[in-house]
2 protein chains.
Amino acid sequence: MPVAKGSTIDPARTRAAILEAATAVLYERGLDGVGVAELCSRIGVSKETLYRHFGTKEGLVEAMLRQRSERVVQWLAAAAVAAGDDPRDQLAAVFDALQQWYDDPVFRGCAMLNAAAQHHVETVRAITARHLDRYLELLTGIAERAGASAPQVLGRQLLMLVEGATVVAAHHGGAGAGEHARHAALTLLSAAS
Amino acid sequence: MPVAKGSTIDPARTRAAILEAATAVLYERGLDGVGVAELCSRIGVSKETLYRHFGTKEGLVEAMLRQRSERVVQWLAAAAVAAGDDPRDQLAAVFDALQQWYDDPVFRGCAMLNAAAQHHVETVRAITARHLDRYLELLTGIAERAGASAPQVLGRQLLMLVEGATVVAAHHGGAGAGEHARHAALTLLSAAS
DNA sequence: CTCGGATCGTACCGATCGGTTCGACCTTGG
DNA sequence: CCAAGGTCGAACCGATCGGTACGATCCGAG
């Protein structure tokens, strides 16, 4: 495992651990809801270490959002792939996966949207837009494979359902949100092919 | 106009003016993106006046969110009513109204959702939940009048489309978002009746 | 064993935060 | 005309913010 080159104690692992722990705290409490001092004590690291790895609180936030977007998208894509070859099954699997997320007690909505709602720094907004791009790519692919007449449009409509279901689950109760959205999505898919 | 009872200079108007001006600034920059001092100088009022009327920055935020929720919901409801008696026309009118909103250069997403994403104070989250309740009421009413077999479910699916379209418009470009959402909504309505 | 770099804990920095206070206006009801 | 109360502007408060500095410690490569 050629992780560390000229270092001690493996800084790469430290960085990864900070990222992991900080993600949980900042997602639960909000990006501006916890200061760097408290954040460091919660994740068990000194401020100097955190700043050496990420330079800035903003830097930490951006690294965290990028990692999280990557994971979420790949998780949904994997759920679709695991559902088999039928595009309808793939679409249903995406919403079933979302429902699992909504049922998680720590679920507090989409971290990228939450971040973009407060920090309108350009970088954060760009990460959020890229996140939606990835979602759209996944959904448009399903629409294409299902033979939709206008897969770009259908993909965007499905994206709205995904994001809308997440918003409703976060702020209006998540029970059944994934199922209702899945049913709507399959209806749109049927009507478009 | 019996606005002021035992006062001078009409404090009610002052309060309304503060609310109006603060809404614009806080919506554009974010609730935590502008301090009370700058906020006061931007809206042309002294800190003492602001604090006498609202007690707290939180109090101002809550009053502002309540007013905004009221206005938005009534605006959409009015658009639906103006569309005539056909529930399909009413539903289409809601999404047309949303598209107008998305086209506004100052559009930055749903203020209630943005607020709830940062301040997870209970009061703010309750205002947001109430806001979604009102939306749901409007949409479920349309679903009922259209003779949908499960108007509660359809209403919730339409709510997801409304919120999803708003999210997509805010973070991924608003062009055509209302139209695409409207088409999806009408498809769902057709399939459910 | 020794030396370098990663880490820690703490103290510290200037800036800004939300909120209070006060003296000086100014407007208006009586 | 006078007293009462809304408003202003600026000074002020303690707390907290993001970020830096430094000496002590600890670990692993040579």
Side-chain angles (χ1 to χ4, degrees), chain A residues 1-23 25-26 29-65 115 118-124, chain B residues 1-23 25-26 29-65 115 118-124:
Chain A
M1 48 182 72
V3 175
K5 285 171 292 194
S7 65
T8 64
I9 262 189
D10 203 343
R13 288 226 192 271
T14 303
R15 185 189 153 101
I18 293 176
L19 216 45
E20 205 73 25
T23 296
V25 177
L26 292 177
R29 304 262 307 272
L31 300 185
D32 291 340
V34 47
V36 175
E38 183 188 352
L39 180 63
C40 285
S41 83
R42 288 225 175 204
I43 69 187
V45 89
S46 69
K47 293 177 74 172
E48 179 170 356
T49 300
L50 186 146
Y51 277 105
R52 179 155 28 79
H53 279 290
F54 298 98
T56 280
K57 190 183 185 183
E58 263 285 314
L60 169 65
V61 166
E62 292 168 14
M64 183 190 95
L65 292 176
Q118 34 199 312
H119 273 273
H120 26 109
V121 184
E122 193 52 42
T123 313
V124 171
Chain B
M1 48 182 72
V3 175
K5 285 171 291 194
S7 65
T8 62
I9 264 189
D10 203 344
R13 289 226 192 270
T14 303
R15 185 189 152 101
I18 293 176
L19 217 44
E20 204 72 26
T23 296
V25 177
L26 292 177
R29 303 261 307 269
L31 299 185
D32 291 340
V34 47
V36 175
E38 183 188 352
L39 179 63
C40 284
S41 83
R42 287 226 176 205
I43 70 186
V45 90
S46 69
K47 290 177 77 173
E48 179 169 0
T49 299
L50 186 145
Y51 277 105
R52 179 155 29 79
H53 279 291
F54 298 98
T56 280
K57 188 183 185 183
E58 264 285 314
L60 169 65
V61 166
E62 291 168 15
M64 181 189 97
L65 292 176
Q118 36 199 310
H119 273 273
H120 27 106
V121 184
E122 193 51 41
T123 313
V124 171

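Throughout, protein chains are lettered first and strands after them, A, B, ... in sequence-line order, and every chain is numbered starting at 1.
Between A/Arg13 atom CZ and C/dG5 atom P there is a gap of 22 Å when expressed in whole angstrom units. Rounded to a whole Å, the OH atom of A/Tyr51 is 7 Å from the P atom of D/dT20. Counting to the nearest Å, the P atom of C/dT7 and the CZ atom of A/Arg15 are 12 Å from each other. One interatomic measurement links the two molecules: CG of A/Leu50 to P of D/dA21, which rounds to 16 Å at whole-angstrom precision. For the pair A/Ile18 CD1 and C/dA6 P, the computed distance is 13 Å after rounding to whole Å. In this structure, CG of B/Leu31 is placed 14 Å from P of C/dC17, rounded to the nearest angstrom. Distance, A/Glu38 CD to D/dG18 P: 10 Å, rounded to whole Å. Straight-line distance from the CZ atom of A/Phe54 to the C1' atom of D/dT20: 18 Å, rounded to whole Å.
Side-chain nitrogen and oxygen atoms of B/Thr56 include at least one within less than 4.0 Å of the OP1 or OP2 phosphate oxygen of C/dG19. A/Arg52 has a side-chain polar atom (N or O) that falls below the 4.0 Å cut-off from OP1 or OP2 of C/dT7. For the OP1/OP2 pair of C/dT7 and a distance below 4.0 Å, the side-chain nitrogens and oxygens of A/Thr14 include at least one atom meeting the criterion. For D/dG6, the OP1/OP2 oxygens have no side-chain nitrogen or oxygen of B/His53 closer than 4.0 Å. The side chain of B/Lys47 contributes no N or O atom lying less than 4.0 Å from OP1 or OP2 of C/dG19. For B/Thr49 and D/dG6, the shortest distance from a side-chain N or O to OP1 or OP2 is not below 4.0 Å.
Smallest separation of non-hydrogen atoms from B/Asp32 and B/Gln118: N-OE1, 3.7 Å.
Mapping B/Gly55 and A/Glu48 onto DNA chain C by nearest heavy atom places A/Glu48 at the nucleotide closer to the 5' end. Each of A/Gly33 and B/Gly44 lies near DNA chain D, and the nucleotide nearest B/Gly44 is the one positioned closer to the 5' end.
Taking 4.5 Å as the limit, every side-chain heavy atom of A/Ile43 sits out of range of all side-chain heavy atoms of A/Glu20. No side-chain heavy atom of B/Thr123 sits under 4.5 Å from any side-chain heavy atom of B/Val61.
Remark: the backbone N or O of B/Leu31 is paired with a side-chain donor or acceptor of B/Lys57 at under 3.5 angstrom.
We find the CG-CZ distance between B/Leu60 and B/Arg15 to be 9.0 Å, quoted to the nearest 0.5 Å.
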